[in-house]
*Asks:* 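Quick one: structure below, then a few questions.
A quick note: this is a predicted structure, and the numbers were derived from the prediction, not measured. By convention in this document, chain letters (A, B, ...) are assigned in the order of the sequence lines, proteins followed by strands, and residues within each chain are numbered from 1.
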Amino acid sequence: MNIASVIVDVPAKQTDREFDYKIPEKWVSVIKPGMRVIVPFGPRKVQGFVSQLKEQSEHSRLKSIEEPMDLEPILNPELLELGDWLTVETLCYKISAYQVMIPAALKAKYEKYIKLTSDNGLNALSEEMKALFNGRDRMDWKEVLNSQAASKIQNELLKGNLEVVYQVKNKLNKKRVKYVEAVIPQEGIQEYAAGLPQNASKQKAACDYFISHPGEITLRELIDQTGTTAQSVKTLVQKNVLKEYEKEIYRDPFENRTFSQTNPFVLTDEQEEALRPINQSINTKSDGTFLLYGITGSGKTEIYLQAIDNALKHGKEAIMLVPEISLTPQMVQRFKGRFSNKVAVMHSGLSVGEKYDEWRKIQRKEVKVVVGARSAIFAPFENLGIIIIDEEHETSYKQEENPRYHARDVAIKRSKYHGCPVVLGSATPSLETFARAQKNVYTLLTLKNRLNSSMLPKVDIVDMREELRTGNRSMFSKMLFEKLTERIEKKEQTVLFLNRRGHSSFVMCRDCGNVMNCPHCDISLTYHRYSHQLKCHYCAFEVPMPSHCPECQSDYIRFFGTGTQKVEEELGKILPQARVIRMDVDTTGKKGSHEKLLTAFQEGKADILLGTQMIAKGLDFPNITLVGVLTADTMLHLPDFRASEKTFQLLTQVSGRAGRHKLPGEVVIQTYTPEHYSIELSGQQDFDSFYAQEMQLRKFNKYPPFYFLALVTVSHEDLMKTVSVTEKITKFLSSGLSSDSVVLGPAASPISRVNDRYRYQCLIKYKREPELRGMLKKIVEHYQKETHQDGLQISIDLNPHMLM
DNA sequence: AGCACGCCGACT
DNA sequence: GTCGGCGTGCTC
């Protein structure tokens with residue numbers, strides 16, 4: 001096996017295949033599949049992944065691998081195979097599939113520079129060149145391009161006085177710490193110390209320490225404790241009394257924090273019953289997907305913890321995905337508390353280095369459990385016993401860039417390899433998941449009761465149109481204002497939720513609540529400021545912005561949007577005594593600020609927590625007795641067929657924040673469309689009815705889970721070009737696909753222009769289309785040239801979650 | 001994606 | 001005659 005097939009780090013159609021390289025003699029036994037290597041590729045050097053080893057190659061003149069970048073594979077055989085699967089499943093490049101599975105710190109950086117040829121040195125150069133180099137022996141390629149002397153430099157290159165160097169940099173910095181240890185027995189140190197001159201007090205201090213403390217200590221600590229100096233230690237090392245060495249250490253994002261040990265709770269009968277089949281699956285090493293459908297506060301987390309515990313008892317590992325872990329320090333707390341140092345935590349709040357360290361702990365088998373966001377699904381465990389996806393319905397599990405994978409699909413794929421269960425947990429499962437559970441594709445496990453037999457909060461839905469009629473034009477209804485005042489008097493806490501997504505895009509009549517919808521697509525129209533038109537983003541429908549509501553003729557028809565700052569201001573006016581913490585992108589930008597704000601709120605330093613999506617989940621504070629949703633509609637009218645589902649889920653989640661403990665909770669939902677089923681039913685916390693109704697609509701409109709979707713988005717700086725290409729693609733697809741499938745388009749994307757590029761799309765709804773993948777590939781190939789030269793972009797999302 | 005090779009217009 | 005524009009095709 002002295003030939004390696006390598007996937008090179010060049011994400012392009014033409015290089016999306018294996019290239020064979022000779023393995024130099026000295027590395028024949030070192031290089032294994034899954035390792036990164038540096039290989040010569042054309043004139044440059046690039047990073048690559050060894051995909052397989054072989055004896056023979058089709059190709060005759062092979063180049064040699066430059067050098068390995070790892071000492072052990074960073075992708076194990078399972079992950080290599082998973083990468084192949086991802087490639088097929090999401091139509092991405094193989095290199096992109098591999099890159100997405102490893103921490104960002106391991107991504108190569110490239111450097112190109114010119115340097116003096118060693119034997120001739122600076123002297124061989126002309127005066128002008130000498131001036132340019134200005135005493136240095138190398139010069140960055142960018143500088144070469146910027147300089148006026150490019151052709152002169154080229155001359156020198158030809159003469160051999162200069163050379164171009166391509167370098168692959170593994171920009172990773174392992175954090176290292178210096179350690180010191182005695183190398184001779186204590187008596188020996190004593191003896192040495194006695195022989196020291198009087199003035200060598202620093203050396204003596206260090207010796208004294210080691211006489212009473214055998215074993216290693218960090219240099220830092222030694223200096224701090226004994227007052228010795230690094231220089232004295234160095235002397236002692238030279239005298240062969242001590243030795244100094246470095247150790248790789250981990251940045252610990254949770255250092256200086258203690259996690260009080262927690263023990264398993266006693267499960268309720270209901271929890272017990274849900275846990276049993278999961279444990280059975282772990283015990284029998286059989287794969288299977290479970291939907292743990294439990295209302296908010298029903299104790300899903302404890303089931304996760306005990307299932308993981310069972311997996312660990314079988315000597316297995318566990319992956320636990322959560323939507324955005326930094327949002328729920330409580331969750332980390334619970335895991336670290338239960339499994340202490342066996343847990344690695346991976347989320348977007350960590351630095352690149354910290355993420356790498358956590359990943360290394362997994363790779364080195366130092367931890368057994370990983371808790372993390374989407375990408376943690378690729379944790380390089382080799383003996384998985386369970387995969388859990390909490391808040392399964394969350395959109396963040398779908399990656400919105402290449403490779404466009406869904407963590408749920410990856411989880412199920414991995415579970416089949418390992419023979420272990422996947423547990424999808426939610427109080428408001430996605431329709432896709434719930435439908436599969438109904439069809440027994442997944443096993444349905446239900447938790448109907450809240451723990452501590454706390455009641456679900458009482459929900460009031462307030463019709464804001466009515467408020468308007470009675471002359472209240474503020475963003476707080478009379479009821480919400482009264483309840484707020486009451487909480488402040490009783491020193492209880494309130495969460496105010498402002499749903500800001502879909503800012504100012506949809507148009508609604510403030511008098512009757514009528515929202516302008518597309519007559520063909522059953523989604524809301526989007527207001528376009530420039531043309532003053534309302535457009536549908538699925539089909540090509542558009543109308544001028546009306547001045548009067550088509551339903552009730554009122555002229556109080558507006559597009560929508562309110563920001564958290566504005567709410568905060570208004571709160572200050574109407575409730576000046578209230579202490580408010582605002583949480584949005586502005587106030588949580590800095591690392592750790594999120595947690596600080598939450599902690600402050602938990603400690604009772606504020607009466608009201610005001611925020612957007614980010615406060616919808618995971619908050620579990622006993623003193624919250626009121627939850628207010630300022631405008632429940634904003635998300636409802638996004639141009640997305642999942643808008644109702646999202647609204648229902650969000651409202652249910654937010655409502656679940658109230659009254660989880662002893663104090664009973666109340667929820668006030670303000671809306672302009674109280675009669676909408678997703679708002680009405682979320683008020684009743686009635687998922688089953690919502691599910692039934694939404695499924696009917698999905699069936700009627702041919703959306704998931706009844707149909708699969710594929711989205712082709714074309715973008716180009718020229719509008720006409722964009723439209724015509726999309727049109728051709730649409731035609732090609734409609735002519736080639738079966739008559740059961742629906743091809744919609746060409747239509748402008750909801751975000752119709754990004755970075756001065758127009759975006760058009762074609763949406764395919766299908767039930768069975770074995771040729772689809774092939775056709776999509778053909779499209780990409782067909783436009784390859786234009787993609788390359790003309791800046792045309794075609795992106796394909798199989799199973800899209802955002803139709804943007 | 002880079003980068004070299006190569007084939008046609010305006011210049012020392 | 002040559003420098004350099006960027007279209008074409010290759011990278012083991």
Side-chain angles (χ1 to χ4, degrees), chain A residues 1-25 27-28 31-69 80 87 91-100 107-114 140-158 160 162-169 171 401-403 715-717 721 755 757 780-795:
Chain A
M1 295 298 193
N2 50 10
I3 291 170
S5 293
V6 174
I7 303 292
V8 291
D9 181 21
V10 183
K13 186 93 209 124
Q14 294 166 84
T15 51
D16 185 32
R17 59 189 172 89
E18 290 177 328
F19 287 86
D20 291 347
Y21 288 88
K22 272 201 297 253
I23 303 176
E25 198 64 46
W27 285 321
V28 167
I31 287 177
K32 296 188 186 71
M35 275 185 187
R36 294 172 307 150
V37 289
I38 296 170
V39 291
F41 195 65
R44 41 193 185 135
K45 294 195 184 81
V46 297
Q47 187 194 60
F49 285 83
V50 176
S51 55
Q52 59 168 325
L53 300 180
K54 47 191 185 183
E55 298 283 7
Q56 295 280 311
S57 174
E58 320 269 275
H59 207 90
S60 50
R61 281 196 309 280
L62 295 186
K63 288 188 184 173
S64 287
I65 286 178
E66 186 92 3
E67 62 179 89
M69 293 176 80
L80 279 173
T87 307
L91 297 179
C92 68
Y93 302 130
K94 198 159 275 187
I95 188 65
S96 313
Y98 289 162
Q99 299 277 29
V100 81
K107 214 179 132 88
K109 292 274 175 295
Y110 298 97
E111 233 181 23
K112 182 183 181 184
Y113 59 91
I114 54 170
D140 201 83
W141 188 251
K142 286 227 178 73
E143 205 180 326
V144 175
L145 293 177
N146 292 335
S147 75
Q148 303 302 306
S151 68
K152 296 222 167 73
I153 289 169
Q154 197 166 35
N155 264 335
E156 298 289 352
L157 286 169
L158 286 172
L162 292 176
E163 62 181 322
V164 183
V165 181
Y166 295 87
Q167 208 175 28
V168 182
K169 282 195 130 183
K171 67 148 198 177
E401 60 204 54
N402 273 331
S715 85
H716 191 269
E717 44 189 33
K721 173 95 189 174
N755 282 334
R757 300 172 61 87
V780 174
E781 258 155 55
H782 181 259
Y783 286 104
Q784 193 188 314
K785 216 185 232 169
E786 283 169 82
T787 309
H788 200 214
Q789 292 164 2
D790 199 24
L792 181 73
Q793 272 175 28
I794 297 175
S795 102

*Asks:* List the steps, then state whether salt bridge (charged side-chain N to carboxylate O under 4.0 Å, His left out) holds for A:R36 with A:D9.
*Replies:* CA-CA 10 Å; A:R36 294 172 307 150; A:D9 181 21; over 6 Å; no
*Asks:* Considering every strand and a 4.0 Å limit on heavy-atom distances, what is the contact class for A:Y93: base, sugar-phosphate, or nothing?
*Replies:*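 Touches nothing.
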*Asks:* Please check this pair: side chain of A:Y21 against backbone of A:P40, looking for a donor-acceptor N/O pair closer than 3.5 Å.
*Replies:* yes
*Asks:* Can you name the side-chain contact (heavy atoms from CB on, under 4.5 Å) partners of A:E781, sequence neighbours left out?
*Replies:*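 With neighbours one apart ignored, the set is A:K13, A:Q784.
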*Asks:* Excluding sequence neighbours, so at least two apart, what forms salt bridge (Lys or Arg N to Asp or Glu O under 4.0 Å) with A:D140?
*Replies:* none
*Asks:* Summarise protein proximity over nucleotides 6-12 of chain C in one line of letters, 5' to 3': B for base, S for sugar-phosphate only, - for none, counting protein heavy atoms closer than 4.0 Å.
*Replies:* --S-BBB
*Asks:* In chain order, what residues pass the ring-ring contact (aromatic ring centres under 6.0 Å, His included) check against A:Y93, with sequence neighbours excluded?
*Replies:* none
*Asks:* Heavy atoms of chain A, cut-off under 4.0 Å: which first and last nucleotide of DNA chain B, 5' to 3', fall inside that, if you could look?
*Replies:*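 It runs B:dA1 to B:dC3.
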*Asks:* Tell me, please, which residues at least two apart from A:F41 pass ring-ring contact (aromatic ring centres under 6.0 Å, His included).
*Replies:* A:F19
*Asks:* Within the distance-only criterion (no hydrogens, no angle test), does the side chain of A:S5 pair as donor or acceptor with the backbone N or O of A:E18 below 3.5 angstrom?
*Replies:*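 No; judged by distance alone, with no hydrogens or angles, the pair does not exist.
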*Asks:* Which part of the nucleic acid, if any, lies within contact of A:K13, taking any heavy atom under 4.0 Å across all strands shown: a base, the sugar-phosphate backbone alone, or nothing?
*Replies:* nothing
*Asks:* Does any N or O in the side chain of A:K45 come within less than 3.5 Å of the main-chain N or O of A:V165, such that one atom is a donor and the other an acceptor?
*Replies:* no
